[in-house]
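Convention: sequence-line order gives letters A, B, ...; per-chain numbering from 1.
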There are 2 protein chains.
Amino acid sequence: MKISIYEDNDKLRELIEMLIGSSNEFKVVGSYHNTHDILNKVIQDQPDVIIMDIDMPEHDGVEGVQIIKQKFHDIKIIMHTVFDDDDRLFTCLQHGADGYILKKDAPTLLFNAIKEVSAGGAPMSSDIARRVLQTFRKSDKPLNDYHLTDREKEILELLTKGFTYRMIGIACKISIETVRRHLKNIYQKLHVQSGTEAVAKAVTEQLLKN
Amino acid sequence: MKISIYEDNDKLRELIEMLIGSSNEFKVVGSYHNTHDILNKVIQDQPDVIIMDIDMPEHDGVEGVQIIKQKFHDIKIIMHTVFDDDDRLFTCLQHGADGYILKKDAPTLLFNAIKEVSAGGAPMSSDIARRVLQTFRKSDKPLNDYHLTDREKEILELLTKGFTYRMIGIACKISIETVRRHLKNIYQKLHVQSGTEAVAKAVTEQLLKN
DNA sequence: GTTGAAATAACCCTTTTGGGTCAGAACTTC
DNA sequence: GAAGTTCTGACCCAAAAGGGTTATTTCAAC
């Protein structure tokens, strides 16, 4: 299994090289201090797994992930970094990083991570995993509550589907006048003056889930 | 450290009890075959960590997570399940499950997971981790492209902010007639018949980023 | 058993919207 | 310079939307 390394700290890079080279399963085929010209380097080295630092001068790891994952989807990339920046974490994940190991973790974790990614897993430091799970949790916090009644939510939902007042009336088996009445109340509660505004608010603030 | 277990398969539950009981760090304080009346059970047992199956008759694990995490945010919950259902996976994570271990994994993984959650980590089977990371990746794929021009996107964006045609005209320094013209084109391209529909489509399909 | 909230419905009215059609100006591309 | 796209603007017209007012019914709560 061929590994290449991108890490600007020379000492650390050599350490990783040694660690990985010590195994007879892995072979280091490339080792660089930034992601400059990474595409050609990867084409030349043909690694199976890339270990990538984020913080590097000039061409950083975020760039690297982006470029490689766009062209070579099946080369696995493990981010290896100190952890101080949520934004870059999620940018990397978005662009398809396969694993995320912190530098403060034991070196054996990095070693195991290589095996895991090549087996199709997604090794993460527990700190990272927690951070990732938190993004899911966030979404169920109760944002805002405009005290819409069930009926009002129902009608607002149909409005977001592009129904006209008349269609809503038919769908709910009530007169169009009642639909208008409900929507008037809804607009008041949401502090909006039009259907489009109400829809925008409903969708972005997720007013319609339950 | 006090552990309680919810698992409908009696054999498996006993196995887990034994596994955990064999350690002198952990103590099983409760063991049940569904989540019926879980709130009182938890109040009585006062566990630090709960191991929770998802598939249980009558009162399942999804319910359990919901109820417990609502009241006792700091009791850690590890989901322990066969894996066949993305929906329930994400529902559990959303409600605050702290770890997610598959039954097919080695029992030692479950054992380690207990230590990890109590240390604030988020242990996951690699299958689960991969599934979770995939949800991030998904979001950057180019959904749909309706070939809106820059101007059209600009105007659609103002519409989603609840601007009327007139307000858009003023904001863009063009006549209201031109606004109407643009919106007619936009509606055609999006295959919608109204502003509300267009807004809903724009927001849910993220047509306005970039 | 009355108070109150929610849902239902009707009337008024003006403004806004959405569809049709037509057309000139500005700009790039070939 | 011809062709194509984009942005601009206009007119007509019917339908829809949005705001105001008033009122009945239902149903749970106190």
For F90(B), enumerate each residue passing the ring pair (Phe, Tyr, Trp, His ring centres under 6.0 Å) test, keeping only those at least two apart in sequence or located in another chain. F136(A)

Here's a test of your reading of the structure: between Q188(A) and F163(A), which maps to the more 5' nucleotide of DNA chain D? F163(A)

Spell out, as yes or no, whether a donor-acceptor pair under 3.5 Å connects the side chain of T160(A) to the backbone of E157(A). yes

Contacts satisfying side-chain hydrogen bond (donor to acceptor under 3.5 Å, both in side chains) that involve residues 165-178 of chain A (not counting sequence neighbours) are Y165(A)-Y187(A), S175(A)-T178(A), E177(A)-R180(A)

Check: K201(A) main-chain N/O paired with E205(A) side-chain donor or acceptor under 3.5 Å: no

Could you tell me the separation between the NZ atom of K153(A) and the P atom of dA7(C), rounded to a whole number of Å? 11 Å

Does any pair with a residue in residues 47-66 of chain A pass ring pair (Phe, Tyr, Trp, His ring centres under 6.0 Å), and if so which ones, sequence neighbours excluded? H36(A)-H59(A)

Reading nucleotides 7-12 of chain D from the 5' end, what letters show protein touch, with B for base, S for backbone sugar-phosphate only, - for no heavy atom under 4.0 Å? SBBBBB

Rounded to the nearest 0.5 Å, what's the gap from CG on L133(B) to CD1 on I128(B)? Could you check? 11.5 Å

Donor-acceptor pair, R130(B) side chain versus G120(A) backbone, under 3.5 Å? yes

With a 3.5 Å cut-off and sequence neighbours excluded, list the donor-acceptor pairs that the side chains of residues 5-16 of chain B form with protein atoms.
unit_1: E7(B); atom_1: OE1; unit_2: K103(B); atom_2: NZ; d: 3.0
unit_1: E7(B); atom_1: OE2; unit_2: N9(B); atom_2: N; d: 3.0
unit_1: E7(B); atom_1: OE2; unit_2: K103(B); atom_2: NZ; d: 3.4
unit_1: N9(B); atom_1: OD1; unit_2: K11(B); atom_2: N; d: 3.0
unit_1: N9(B); atom_1: OD1; unit_2: L12(B); atom_2: N; d: 3.1
unit_1: D10(B); atom_1: OD1; unit_2: R13(B); atom_2: NH1; d: 3.0
unit_1: D10(B); atom_1: OD1; unit_2: R13(B); atom_2: NH2; d: 3.1
unit_1: R13(B); atom_1: NE; unit_2: S31(B); atom_2: OG; d: 3.2
unit_1: R13(B); atom_1: NH1; unit_2: E7(B); atom_2: O; d: 2.7

Would you give me the side-chain donor-acceptor pairs under 3.5 Å for residues 64-74 of chain B, sequence neighbours excluded?
unit_1: K69(B); atom_1: NZ; unit_2: H73(B); atom_2: O; d: 3.1
unit_1: K69(B); atom_1: NZ; unit_2: I75(B); atom_2: O; d: 3.0
unit_1: K69(B); atom_1: NZ; unit_2: D98(B); atom_2: OD2; d: 2.8

Report each atom pair, protein N/O against N/O of nucleotides 14-16 of chain D, whose distance is under 3.5 angstrom.
unit_1: dA16(D); atom_1: OP1; unit_2: R166(A); atom_2: NH1; d: 3.4
unit_1: dA16(D); atom_1: OP2; unit_2: R166(A); atom_2: NH1; d: 2.8
unit_1: dA16(D); atom_1: OP2; unit_2: R166(A); atom_2: NH2; d: 3.4

Mark up nucleotides 24-30 of chain C, 5' to 3', with B wherever a protein heavy atom is under 4.0 angstrom from a base atom, S wherever such an atom reaches only the sugar-phosphate, and - elsewhere. -------

L148(B) CG to dT5(D) P, in whole Å, measures 16 Å

For K184(B), does the NZ atom have more than 12 heavy-atom neighbours from other residues, nucleotides or ligands under 6.0 Å away? yes

Under 3.5 Å, N/O pairs linking protein and nucleotides 25-30 of chain D:
none

Would you please name every residue forming a ring pair (Phe, Tyr, Trp, His ring centres under 6.0 Å) with F163(A), sequence neighbours left out? none

Using a cut-off of less than 4.0 Å, is there contact between a side-chain N or O of Y187(B) and OP1 or OP2 of dG19(C)? no

Contacts of type side-chain hydrogen bond (donor to acceptor under 3.5 Å, both in side chains), residue D37(A), not counting sequence neighbours: N40(A)

Output every pair passing side-chain hydrogen bond (donor to acceptor under 3.5 Å, both in side chains) with a member in residues 42-51 of chain B, not counting sequence neighbours, ordered by first then second residue. Y32(B)-D45(B)

Atom pair distance, as rounded to whole Å: CG in L183(B) and P in dT17(C): 9 Å

